[in-house]
Each structure stands twice: as C-alpha cells, then as structure tokens.
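Note that the structure is predicted; figures quoted are calculated from it, not measured. Whatever order the structure lists ligands and atoms in, that order sets their numbers, starting from 1.
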Amino acid sequence: MNYDYLIVGSGLFGSTFACEAAKRGKRVKVIDKRSHIGGNIYTEKIEGINVHKYGAHIFHTNNKKIWGYVNQFAEFNRYTNSPIANYKGEIYNLPFNMNTFNKLWGVVTPEEAREKIEQQKAEAHLGKPTNLEEQAISLIGTDVYLKLIKGYTEKQWGRKATELPPFIIRRLPVRFTYDNNYFNDKYQGIPIGGYTQIIDKMLSSDLIDVELNTDFFSRKDEYLRRYPKIIYTGMIDQFFNYQFGTLEYRSLKFETEVLNQHNFQGNAVVNYTDAETPYTRIIEHKHFEFGDQPKTVITREFPLNWERGDEPYYPMNDEKNNALYRKYKKLADRTPNVLFGGRLGMYQYYDMHQVIAASLAAVAREFDEKASC
Ligand code: FAD
Ligand code: UDP
C-alpha cells in the first residue's frame, strides 16, 4: 500500500492524528516500538481489573470540545481523583485544602488557615519565588511544604526542590474549601473498561495499518525516503542524533502485585510524601472503576534517573533543557516533511487533554482547516 502518513508512536498524539487523517481519506501506517498500542495510557485487564500499566491516568479537562471528543471513544465514569498523602503513617487529604489544614493545624475556618500560611510565609522572608521550594512555601507555608511536598518532590525529580522550576508545584490546586478534588477542571473521569479501547477505536479504520515492535531508528533513512509525511512522537533530540546534546527526562519503575484481598488501601492513589520510602505512590487500580472483584491489584511507582535507552516518562522542563529544546525545535521547523508531536516530540509536561488538543491543532494545520477545539 502507498501510505500518505507514517506515524511514529501509537500514543494519544499519534492515534488522534491517525484517526483524523483516516477520516479525511488518508492512508496511514502507525509504528510503535512497544508490543502494544496506546503509549503511556495503555491499560490491561488483570483479575478482571483494568490496570494502568504506566501509572495512574485520570482524564480531566476544562475544554468541553475535548471532553466531547474523547467521549466518542469511551463512556466515562464519575471518578474524582482525591489522593491521600501518607507522611510517616500520618494521613492527609490532597490537594492542599481545608481538610489538610484542619488535620495539620486544627484550624476550622478559611480565615484561620490563611493566617497560619501568611505567618509561615512571613517567617520564611521570601521574595518572588525562583524555585519550587520558594513557590511551595509562598503558596501553602512551611509545614505543608516539609510534610507533603519536599520529600515527594525530591524523590520524584531526583533533585533538590531549590533546583526545580516553580511551575511543577503550580499544577496542584490550593483551596480554602473542604474539597478533596485534585483537579479544578469541569470534566473528569475514567473510561469504563480502561483506556486501551480509546486507542483501539481511534486506529480502527481500514485505512490505518499498525505495526508493533518496530523502532523508527532501525530504518530511519528508509522511512524518510518512502513516506511523504511523518508524524513523529518519539524524543525530538534522538531524531536529530542528539547533535546539540541530550535532553533530560525522569524515568519510573512500576512494580505491580496481585493481592489476595478485597481492599488494600481504601483509595485509588496514596502518595508517600516522606523522603525515606523509595516509591512515590501506590495505585490500587480497582478503585478507579469502583470495582468489587475479590482480589486487588496494586502498583508501586519508583522514580528513577533516566539514561539513554530508559523509558523517558517526564520531560525536565527547566531553563537549561527548555533552551536546548528550542534549538531542536528550530531544526524541526526546517524539516517540513516531519511533524513533531506529543510529550516527547514537543518536550512538554502535557496531560492527556493537552495532547489531544495539540494533535487536533496539528490536524487543523495539516489539512488547512479551522481548529475545532
Ligand atoms: P506517549 O504515550 O509516550 O506515546 C509515544 C509512543 O511513541 C509510545 O508508545 C512509544 O513507544 C512510541 N515511540 C517512541 N519512540 C519511538 C520510536 N523510536 N519508534 C517507534 N515508536 C516510538 N495525563 C493525564 O491527563 N492525567 C493523568 O492522570 C496522567 N498521569 C500520568 C502518570 C504518569 C506516570 C505519566 C508518565 C504520565 C501521565 N499523564 C497523565 C500524561 C499522559 O500519559 C500523556 O499526556 C500522554 O499519554 C502522552 O501521549 P503521547 O502520545 O504524547 O506520548
Ligand atoms: N507533589 C508533591 N506532593 C504530592 C503530590 C505532588 O509534592 O503529594 C508535587 C511533585 O513535585 C509533583 C508535582 O507536585 O511532581 C505535580 O504533581 P502531579 O500529581 O501533577 O504529578 P504527576 O501526576 O504528573 O506525576
């Protein structure tokens, strides 16, 4: 078959693009180096439970069109993410809200909580926050920072909080209401039956062929010659042979266990926020879908240093890496037959809704249409 597009990576970016291109009558080949489709949103059934193989994935967005778009491919349940923090056996609600402040300080009203935070901020003598530690203390004070942020963050990123960019902690809400919803977005849920069905449906057209266990770099020159256009969702620096240097990522190791018990931790996500516990969180997958199976499946998530050849889960979007990325982006802009997309191709800490939006924007540009989302 003569294809119009080669898509490198069957994650959410590549699969959204493939689906939309096929809808427009284009013939598409999708390759992925993994043995399954879906990239990091892949879920697999174990003991009747949909297991998030690459960590907890909760879909959330404020964009009604993106919510409508993803709902074409699966029905979503009413799951609301409300993780628990376990700090040396003490349990706190996340994100940082009145339940957290009440447990920590015994305060009852929002005014009392604000006063406490203001007092701790004043004692820390901060100017405009220049790193994650200063940003965290200026948002919620020293106590929350020391118990719920510092240990978790330094494990997760393998760096001192004083060496990390402030934006990472701004992902989390700080609320003066008794509301344990981790996200502020209007729409949230988990696809009933797991995420893989979404990718399955996106790639279901007869115009799309999928080839797994296939690394782009095993035949890069041939692919570049044979395909008129390539959508590339792997690491951008690898595409250009690391010629300006290596972008940094953070990796993870997942340890999954089937337990012969009904309910292990009573919540889908429990974060271990001390410095000593080697993992950052334990996921108990059945709770994402309110499961009542006799057994349970849990996954411990261990942060790891990333080296070439490891799975690059998180881009390290600090100034140094962002500057290096901009150099690769310039090269990418001068490579018109290759479009770079997704968390790795765009080197952005994107969530799923942002990846779908970025892919639909790329589709609109490619087909000269008005953006739909
Ligand atoms: P990926 O899913 O990484 O897909 C890229 C694909 O390209 C992969 O399948 C890979 O195998 C393939 N590939 C790479 N290089 C090559 C090559 N050389 N040859 C062939 N194939 C290649 N988002 C949320 O919205 N909510 C959450 O709760 C959430 N939790 C997360 C938790 C964790 C632990 C992680 C790591 C991410 C989380 N995300 C979450 C983010 C979400 O996973 C991403 O936004 C989304 O999956 C990115 O899709 P993508 O297509 O850009 O990349
Ligand atoms: N974070 C923290 N304590 C927690 C949860 C998160 O300090 O209990 C910090 C940590 O630095 C993390 C960031 O907040 O990297 C963003 O958290 P999020 O849950 O969005 O991380 P992700 O799901 O992307 O791993």
Side-chain angles (χ1 to χ4, degrees), residues 6-17 30-42 52-61 70 81 83-87 92 94-96 100 132 135-136 140 144-145 147-157 159 161 164-165 167-173 182-183 185 188 190 195 199 211-220 223 231-236 238-239 249-252 254 269-273 280-281 283 288 299 301 303 311-315 341-346 348-356 358-359:
L6 172 70
I7 300 193
V8 181
S10 63
L12 205 45
F13 189 99
S15 300
T16 301
F17 196 102
V30 179
I31 60 168
D32 203 297
K33 64 180 180 186
R34 296 188 189 173
S35 60
H36 59 74
I37 56 170
N40 290 339
I41 70 168
Y42 176 67
H52 297 206
K53 293 292 279 190
Y54 301 95
H57 277 76
I58 300 104
F59 200 96
H60 58 98
T61 181
V70 74
N81 198 30
I84 298 289
N86 182 327
Y87 176 76
Y92 294 95
L94 294 171
F96 316 117
T100 329
L132 195 150
Q135 178 70 80
I140 26 81
V144 175
Y145 170 66
K147 286 196 165 179
L148 303 182
I149 296 177
K150 188 175 192 300
Y152 185 102
T153 294
E154 295 187 345
K155 285 192 288 193
Q156 168 75 352
W157 297 100
R159 286 198 196 162
L164 285 165
F167 87 90
I168 295 177
I169 201 64
R170 288 199 299 265
R171 284 171 61 86
L172 305 190
Y182 201 59
F183 302 114
D185 290 342
Q188 178 173 180
I190 300 279
Y195 283 92
I199 302 292
E211 197 178 301
L212 298 173
N213 302 305
T214 305
D215 192 329
F216 174 73
F217 293 100
S218 63
R219 286 156 62 192
K220 179 180 174 190
Y223 288 135
I231 311 302
Y232 173 85
T233 71
M235 295 186 297
I236 187 168
Q238 187 180 14
F239 184 93
Y249 299 87
R250 196 71 182 141
S251 197
L252 294 170
F254 299 101
V269 183
V270 178
N271 291 356
Y272 286 77
T273 57
T280 46
R281 46 191 174 191
I283 308 306
F288 287 125
T299 302
E301 206 171 299
E311 279 296 339
Y313 288 107
Y314 292 96
R343 244 194 194 199
L344 305 176
M346 299 162 97
Q348 288 285 329
Y349 191 175
Y350 274 157
D351 279 331
M352 291 181 276
H353 59 290
Q354 295 164 313
V355 166
I356 294 179
S359 189

Pick from [options]: the one approaching [atom] most closely through a non-hydrogen atom:
atom                    : options                : result
atom 27 (C) of ligand 1 : Thr233, Thr299, Ile58  : Ile58
atom 31 (C) of ligand 1 : Arg34, Glu301, His57   : His57
atom 49 (O) of ligand 1 : Thr280, Leu12, Ile37   : Leu12
atom 9 (C) of ligand 2  : Ile169, Val270, Val269 : Ile169

Going by the atom numbers of ligand 1, which of them fall below 4.0 Å from some non-hydrogen atom of [X]?
X      : result
Tyr314 : 33 (C), 34 (C)
Thr214 : 19 (N), 20 (C)
Leu252 : 34 (C)
Phe217 : 18 (N)
Gly234 : 14 (C), 15 (N)
Gly342 : 52 (O)
Tyr313 : 36 (C)
Ile41  : 47 (O)

State whether the shortest distance between N or O atoms of [X] and N or O atoms of ligand 1 falls below 3.5 angstrom.
X      : result
Arg343 : yes
Val8   : no
Ala56  : yes
Phe59  : no
Asn40  : yes
Lys33  : yes
His353 : no
Phe13  : yes
Tyr54  : no

Identify, for [atom], the protein heavy atom at the shortest distance, and state residue, atom and that distance.
atom                    : answer
atom 10 (C) of ligand 1 : Asp32 OD1, 3.6 Å
atom 7 (O) of ligand 1  : Gly9 CA, 3.2 Å
atom 23 (N) of ligand 1 : Asp351 OD1, 3.2 Å
atom 23 (O) of ligand 2 : Arg281 NH1, 3.4 Å
atom 44 (C) of ligand 1 : Tyr350 O, 3.7 Å
atom 24 (O) of ligand 2 : Tyr349 OH, 2.5 Å
atom 19 (N) of ligand 1 : Phe216 N, 3.0 Å
atom 7 (O) of ligand 2  : Thr153 OG1, 3.0 Å
atom 1 (N) of ligand 2  : Tyr152 CD2, 3.6 Å
atom 18 (N) of ligand 1 : Asp215 OD1, 3.0 Å
atom 48 (C) of ligand 1 : Val355 CG2, 3.8 Å
atom 25 (O) of ligand 2 : Tyr314 OH, 2.6 Å
atom 15 (O) of ligand 2 : Trp157 NE1, 2.9 Å
atom 3 (N) of ligand 2  : Leu148 O, 2.9 Å

- Message: Below the 3.5 angstrom mark, is there an N/O of Arg171, backbone or side chain, next to an N/O of ligand 2?
- Response: yes
- Is there a nitrogen or oxygen of Leu94 sitting under 3.5 Å from a nitrogen or oxygen of ligand 2? no
Subset of ligand 2 atoms that lie under 4.0 Å from at least one heavy atom of [X]:
X      : result
Ile149 : 7 (O)
Gln156 : 15 (O), 25 (O)
Tyr182 : 5 (C), 6 (C), 17 (O), 18 (P), 19 (O)
Ile168 : 11 (O), 13 (C), 15 (O), 16 (C)
Leu172 : 1 (N), 6 (C), 14 (O), 17 (O), 20 (O)

- Stacked cation flag Arg34 on Tyr54, 6.0 angstrom / 45 deg: yes
- Distance under 6.0 Å and angle within 45° of ring axis: Lys220 vs Phe239: yes
Taking heavy atoms and a distance under 4.0 Å, where does [X] meet ligand 2: side chain, backbone, both or neither?
X      : result
Thr273 : side chain
Glu301 : neither
Asn271 : side chain

- Message: Looking at Phe216, is its backbone amide N or carbonyl O close enough to the side chain of Ser218 to form a donor-acceptor pair, meaning the two atoms are under 3.5 Å apart?
- Response: no
- Task: Using modelled atom types only, decide if a donor and an acceptor are shared between the side chain of Ser251 and the backbone of Glu311 within a distance under 3.5 Å.
- Result: yes
- Do you see a protein non-hydrogen atom under 4.0 Å from atom 53 (O) of ligand 1? no
- Residue pair His52, Tyr195: steps toward the ring-ring contact (aromatic ring centres under 6.0 Å, His included) verdict: CA-CA 8 Å; His52 297 206; Tyr195 283 92; 5.6 Å; yes
- With a 4.0 Å cut-off on heavy atoms, is Lys150 touching ligand 2? no
